[in-house]
Number of protein chains: 2
Amino acid sequence: MTYPSLPHDHGQNEMKLLERIPADESFITLSDIFSQLGDESRLRIFWILCHCEECVINISSMVNMSSPAVSHHLRQLRAGGLITSRRNGKEVYYKAADTEKTRLLHSMIESLMEIECPEK
Amino acid sequence: MTYPSLPHDHGQNEMKLLERIPADESFITLSDIFSQLGDESRLRIFWILCHCEECVINISSMVNMSSPAVSHHLRQLRAGGLITSRRNGKEVYYKAADTEKTRLLHSMIESLMEIECPEK
DNA sequence: TTAACAGTTAAACAATTATTTAATCGTTGA
DNA sequence: TCAACGATTAAATAATTGTTTAACTGTTAA
């Protein structure tokens with residue numbers, strides 16, 4: 001079996017690696033997840049919602065943002081499956097989704113904080 | 001000691017949580033890291049460089065992009081401390097940085113792929 | 001020393017994305 | 001039912017970001 005070759009052959013079996021490379025779809029899926037957390041405000045909101053369930057007004061107050069701006073971010077986080085919501089009377093409560101994905105992301109965030117932001 | 005209060009009191013000690021919330025700087029640092037991986041092309045390049053050391057031309061060929069575009073992304077990944085480079089003759093080789101941060105990110109990517117992209 | 005090759009940089013453009021303001025929707029209690 | 005409140009949506013703007021093209025830098029070998 002022959003493979004289309006790369007411009008340079010550095011003799012480390014790049015072609016074999018290319019056989020194992022995940023599908024485009026996988027990279028799109030994962031980069032979408034990382035994009036969610038790639039915004040400072042959204043990361044902060046997600047961190048908060050990993051630790052408590054809150055209504056929009058309180059989230060807005062905690063992160064010092066207007067409620068439309070927060071709503072916008074909550075919408076994205078929910079579309080991405082990172083948070084869930086429930087209405088109770090006039091208020092809508094948000095919290096981190098109870099999934100393997102969010103548990104992994106949360107523990108990763110805490111680990112990265114320890115590694116990259118000690119004593120903060 | 002008294003705390004400034006939130007608009008609504010849902011009786012779950014949000015104020016105590018606010019005492020533990022990481023500094024702005026920490027969220028900025030982490031969201032910068034996630035932004036790096038929030039771009040599909042950059043995530044693919046980082047994945048490749050976690051598995052092999054490669055020159056720019058080969059990376060460009062592997063991800064089907066122009067070398068200026070790849071160079072642009074490599075520059076960002078290097079500025080973020082995710083990859084390192086060394087020149088050898090006419091070529092510059094890149095690979096994932098050998099740090100706790102990159103090991104964590106790499107293992108996280110592989111875990112997320114398993115959870116979110118099974119069989120791909 | 002100069003031509004060819006590998007890589008980077010810069011400027012311009014295109015596209016995406018975050019935030020604001022204003023309007024709207026849904027729920028509750030007067 | 002209607003006023004007040006919480007939340008969402010829409011449109012507009014501002015800002016950021018990715019890609020292209022072209023010019024440029026560094027290295028090697030003829």
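These numbers come from a predicted model, not from an experiment. Throughout, a chain's letter reflects where its sequence line sits, starting with A, and its residues are numbered from 1.
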4.5 Å side-chain heavy-atom contact, B:Tyr93 and B:Lys95: no

Closest to side chain of A:Arg87, choosing from C:dT8, C:dA6, C:dG26: C:dG26

Whole-Å gap separating P (C:dA6) and CD1 (B:Ile57): 4 Å

Heavy-atom check, side chain of A:Ile48 versus side chain of B:Ile21, under 4.5 Å: yes

Where chain A begins and ends its contact with DNA chain D, read 5' to 3' at 4.0 Å from heavy atoms: D:dC5 to D:dT9

Interatomic distance where CG belongs to A:Asn88 and P belongs to C:dG29 [whole Å]: 11 Å

Sugar-phosphate, base or nothing in reach of B:Ser35, heavy atoms under 4.0 Å: nothing

Atom pair CD (A:Gln36) and CG (A:Leu77), whose distance is rounded to the nearest 0.5 Å: 5.0 Å

Side-chain heavy-atom pair A:Cys117, B:Leu30 within 4.5 angstrom cut-off: yes

Within residues 71-85 of chain A: residues closer than 4.0 Å to DNA chain C (heavy atoms): A:His72, A:His73, A:Gln76

Between C1' of C:dG7 and CG of B:Asn58, the distance in whole Å: 13 Å

Check: B:Val92 main-chain N/O paired with B:Ser85 side-chain donor or acceptor under 3.5 Å: no

Atom pair distance, as rounded to whole Å: CD1 in A:Ile28 and P in C:dT16: 13 Å

Would you be so kind as to tabulate the donor-acceptor pairs closer than 3.5 Å made by side chains of residues 65-73 of chain B, with sequence neighbours excluded?
from, atom 1, to, atom 2, distance (Å)
B:Ser66, OG, B:Ala69, N, 3.3
B:His72, NE2, B:Gln76, NE2, 3.2
B:His73, ND1, B:Arg42, NH1, 3.2

Spacing of B:Arg86 atom CZ relative to C:dG7 atom C1', expressed in whole Å: 15 Å

Value in whole Å for how far the C1' atom of C:dC25 lies from CD of A:Glu91: 16 Å

B:Phe34 and A:Phe34 aromatic ring geometry - parallel, tilted or perpendicular at 30°/60° bounds: parallel

Min side-chain heavy-atom separation B:Arg103-B:Asp98 under 4.5 Å: yes

Euclidean distance, atom CG of residue B:Asp39 to atom P of C:dA15 [Å, nearest integer]: 16 Å

Within-4.5 Å side-chain heavy-atom neighbours: A:Leu105 and A:Phe46: yes

DNA chain C: 5'-proximal contact among B:Lys90 and A:Ser41 (nearest heavy atom): B:Lys90

